[in-house]
Q: 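I'd like to ask some things about the structure below.
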Amino acid sequence: MRKPIIAANWKMNKTTCEAVAFFEALLPKISGTCEQVEVVVIPPFTAIAACRPAAGGVGIGAQNMHPEPSGAFTGEISASMLLDLGVSYVVLGHSERRAFFGESDHFINQKLKRALASGLTPILCVGETLEQRDAGEVAAVLDRQISGCLADVEPSALPKVVIAYEPVWAIGTGRTASPAQAQEAHSLIRTKLSMLFTKEAAEQVRIQYGGSVKPGNARELLACPDIDGALVGGASLAADDFAAIVLAAG
Ligand code: 13P
């Protein structure tokens, strides 16, 4: 049985005070779900230190990291710096980083291997653009991203990786993938994983759906057999909405 994992990607939102207030509102609403659902909040770097003591049993993630352990990389953050703050998860290869900051599958692969070696749980984002979907390239894009980003990962390490299928056309657009579209993509991803690694390892990987997840659509998405959680952007900024999505997974 794969434990559902619901994560809040706050992107470039919330000051420290806003972040702490969010947890004060969230925790009482989700107190009964900790056993059944893994809940993660991924604040901007600047709010992580304030979030950790406020977060109770909620895991804390970071939105990015650099593959090198230290050195002359102005503006970057290393795995050990994240661990130092009590971070357990790191989002890698988000489509906004691929599109706005030119991140390649190879660079994401370097980060992912460093995250695994450091004991962080990578949340690896993959997904096609609308143009690629319209051109019938969904399977090819997912194949390329999965094999590139997971190159040289040992089958024994695979179950530690969380994958987030985030179709770019559904992010921040209010246009959610239908449960059938999402399930089809998740199943393609799992099949690809079993070809690259082992069937047993692929069966253990949690695959989140991300892209305009809201309280109103979470339940039907999460009911699909290969959808093991959600990576939530906009709707994770309000504690009420995020709590409702967590409860939909419980
Ligand atoms: P939205 O939920 O705002 O569409 O964002 C999804 C996302 O990018 C999460 O990483």
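What you see is a predicted model, and the numbers here were worked out from it, not measured in a lab. Each ligand, and each atom within it, is numbered from 1 in the order the structure gives.
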Q: Flag yes if more than 12 heavy atoms outside R2 fall under 6.0 Å of its CZ atom; otherwise flag no.
A: yes
Q: Which of the numbered atoms in ligand 1 are below 4.0 angstrom from a heavy atom of A170?
A: 4 (O)
Q: Hey, does the side chain of K14 reach the backbone of P44 with a donor-acceptor pair shorter than 3.5 angstrom?
A: no
Q: Can you tell which of S236, C125, G233, G172 gets a heavy atom nearest to atom 4 (O) of ligand 1?
A: G172
Q: Heavy atom under 4.0 Å from ligand 1: found in I171's side chain, backbone, both, or neither?
A: both
Q: Do any nitrogen or oxygen atoms of S212 lie less than 3.5 angstrom from nitrogen or oxygen atoms of ligand 1?
A: yes
Q: For D226 and Q183, test the side chains for any donor-to-acceptor distance below 3.5 angstrom and give the result as yes or no.
A: yes
Q: For ligand 1, which atoms sit closer than 4.0 Å to a heavy atom of N9?
A: 9 (C), 10 (O)
Q: Examine ligand 1 and decide if any of its atoms is less than 4.0 Å from a heavy atom belonging to G174.
A: no
Q: Look at atom 9 (C) of ligand 1 and say which protein heavy atom is nearest, naming residue and atom and giving the distance to 0.1 Å.
A: E166 OE2, 2.9 Å
Q: Can you tell me which residue and heavy atom of the protein come closest to atom 3 (O) of ligand 1, and the distance to 0.1 Å?
A: G234 N, 2.8 Å
Q: When you measure from the side chain of R97 to the backbone N and O of I108, does any donor-acceptor pair fall under 3.5 Å?
A: no
Q: Ignoring angles and geometry beyond distance, decide whether E96 reaches within less than 3.5 Å of ligand 1 through its nitrogen or oxygen atoms.
A: no
Q: Which residues satisfy the ring-ring contact (aromatic ring centres under 6.0 Å, His included) test with H186, sequence neighbours excluded?
A: Y165
Q: Can a donor-acceptor pair be found, under 3.5 Å and without considering hydrogens, that links the side chain of T176 to the backbone of S212?
A: yes
Q: Of the backbone atoms (N, CA, C, O) and the side-chain heavy atoms from C-beta on, which set of A235 has a member under 4.0 Å from an atom of ligand 1: side chain, backbone, both, or neither?
A: neither
Q: Do other residues, nucleotides or ligands put more than 12 heavy atoms under 6.0 Å from E184 CD?
A: no
Q: Does K11 come within less than 4.0 Å of ligand 1, judged by its heavy atoms?
A: yes
Q: With heavy atoms of L231 as the reference, note each atom of ligand 1 found under 4.0 Å away.
A: 9 (C), 10 (O)
Q: Going by an N to O cut-off under 4.0 Å, is there a salt bridge joining D240 and K29?
A: yes
Q: Can a salt bridge be assigned to the pair R133 and E128 using a cut-off of 4.0 Å between side-chain N and carboxylate O?
A: yes
Q: With the threshold set at under 4.0 angstrom, would you say G211 reaches ligand 1 through any of its heavy atoms?
A: yes
